[in-house]
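Read through the structure below, which is laid out as structure tokens, and then see the notes.
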Protein chains: 2
Amino acid sequence: MAVTDEAIEKIKGMIVSGALRPGDRLPKESELAADLGLSRNSLREAVRALSLIRILDVRQGDGTYVTSLDPQLLLEALSFVVDFHRDDTVLEFLAVRRILEPAATAMAALRISEQQLDALTARLDKLGESPSVEDLVAGDLEFHRGIVHSSGNSVLCSLLDGLSGPTTRARVWRGLTQEDAVAGTLREHRAILAALRDRDAEAARSWATVHIASVEQWLRSTL
Amino acid sequence: MAVTDEAIEKIKGMIVSGALRPGDRLPKESELAADLGLSRNSLREAVRALSLIRILDVRQGDGTYVTSLDPQLLLEALSFVVDFHRDDTVLEFLAVRRILEPAATAMAALRISEQQLDALTARLDKLGESPSVEDLVAGDLEFHRGIVHSSGNSVLCSLLDGLSGPTTRARVWRGLTQEDAVAGTLREHRAILAALRDRDAEAARSWATVHIASVEQWLRSTL
DNA sequence: GCGCCTCAAAACCTCCGACGTATCAGGTCA
DNA sequence: TGACCTGATACGTCGGAGGTTTTGAGGCGC
């Protein structure tokens, strides 16, 4: 194994074992390199790799720190990876989202606050009846993000966030090519919101399923 | 933005745009560095970072290649990230798995082959009635992996694989501290397998839920 | 005393050049 | 024909030299 890979493993070990805790500052590059027995150049490769996936946070002029290691932060790297997937696997991502999103929406029905419900309503009202495709997609993303956030599970929240990238792209295509999709999306959003207000978890789950299945169906017929 | 980060973005762009396709070989470090307008050292940091998350595959003495970019491969990096999570977020991971695994098991009920069913049965038989905790946990992992693989969705499969890490650890603790957990796990495995043989998706889903919920419940009462 | 400015130390950022090591292709020899 | 050797190629590692950014201490004026 290359010395850089060893360094990655050792730093990982220091964090997992608790020797380094979230927010802790690492020794400066030259010292850490000496401690781990490699050159500063090679160590930098290890640090850079860990910083790409949000394990470390390097600040020029200051130092290198362990991030908070929140699920939200770490799974943020997921979206980076998801970007690389080709369009032919979008359906698989969508299928997973079809499983998670209804479940998250049902969970939210039991926990969402009146305040958040009002905020979601305001957001939908602001969009109006016939928004541009860009506004609709952006609003859709925010709408679902808000609901999933109310599920109370940050891992679930981040995971769906990461998986939404490809779905969003698909939604754009759909909006551009299928006129009645806009109206349908708005109607489904209203229905989901109404179910949440009623605290009706099963209705919320069903509407969320319908919402995603409609995109999936369109996509399947197109590809 | 630092030159290394620019290089990461540019390489990502070359892949996403299709200029570099899976399996393609990159120009040698010195040439690529010159093309992108940075030093070989800085470029190496970018390449190392992309190689950690399985976007690039570097082979000493040969060259640097774009990986297959399969969902399976890219989400493999997920387990690396998940390793960093502290024990206090295990419940959130488990909750997500509780959503995905029953769905995957239900999907598998409709698709799994007789051959795979026989293989799963043989695996359970081989374990016997009172295996060691280590064997049980390893068998459990393989059992679920086999089922999820039969769901036919590689994204779902990889995702669950990555999420199983923390769950597995929890299962070990449970096996070590709760004697009847072993018998319960074996019983539930048999029940899931029977439901799969019957092609009964709903029964398979329910048993999978019970299976995970039992771990979740124990964990919740312990923490 | 309080706030602002200046400056020097600390730490990361980038680059260069050199040498070590692994792989592969082609030639050599039995 | 097949095994072995050898050179070219490309990645791996290192040490050192400046450059840039951040931070905080110290000094200055109000």
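Chain letters run A, B, ... following the sequence lines, proteins first and then strands; every chain starts at 1.
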Rounded to the nearest angstrom, tell me the gap between atom [atom1] in [X] and atom [atom2] in [N].
X       : N      : atom1 : atom2 : result
B:Asn41 : C:dA18 : CG    : P     : 14 Å
A:Tyr65 : C:dC12 : OH    : C1'   : 11 Å
B:Leu43 : C:dC13 : CG    : P     : 16 Å
A:Asp5  : D:dC11 : CG    : P     : 16 Å
A:Glu6  : D:dT13 : CD    : C1'   : 12 Å
A:Met1  : C:dT21 : CE    : C1'   : 17 Å

Presence of [X] side-chain N/O under 4.0 Å of [N] phosphate oxygens OP1/OP2:
X       : N      : result
A:Arg44 : C:dC15 : no
A:Thr4  : D:dG12 : no
A:Arg40 : C:dC15 : no

Of all the choices, [options], which nucleotide is nearest to the side chain of [X] once you look at every atom?
X       : options                : result
B:Gln60 : D:dC14, D:dC11, C:dC12 : D:dC11
B:Lys28 : C:dC15, D:dA10, C:dC12 : D:dA10
B:Ser42 : C:dT14, D:dC14, D:dG12 : C:dT14
A:Asp62 : C:dT14, D:dG12, D:dT23 : D:dT23
B:Glu29 : D:dG12, C:dC15, D:dT13 : D:dG12
A:Thr64 : C:dA11, C:dC12, C:dC13 : C:dC12

Give the C-alpha distance, both sets of side-chain angles, the deciding distance and a yes or no for side chain to side chain donor-acceptor pair (under 3.5 Å) between B:Gln116 and B:Ser150.
-> CA-CA 8 Å; B:Gln116 285 168 309; B:Ser150 295; 3.3 Å; yes

Minimum-distance pair of heavy atoms, taken over all atoms of B:Ala208 and B:Thr105 |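 That closest heavy-atom pairing would be CB-OG1, 3.6 Å.
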
Taking the nucleotide of DNA chain D with the closest heavy atom to each, which residue, B:Arg25 or B:Arg48, is nearer the 5' end?
-> B:Arg25

More than 12 heavy atoms of other residues, nucleotides or ligands under 6.0 Å from CZ of A:Arg59: is that the case?
->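 Result for CZ/A:Arg59: enclosed.
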
Residues at least two apart in sequence or cross-chain that pass side-chain contact (heavy atoms from CB on, under 4.5 Å) with A:Asn41, listed by chain then number, are A:Ser39, B:Asn41

Out of B:Val82, B:Leu94, B:Val96, which residue meets the side-chain contact (heavy atoms from CB on, under 4.5 Å) rule with A:Val155?
-> B:Val96

With a non-hydrogen cut-off below 4.0 angstrom, is B:Arg59 in contact with a base, only sugar-phosphate, or nothing?
-> sugar-phosphate

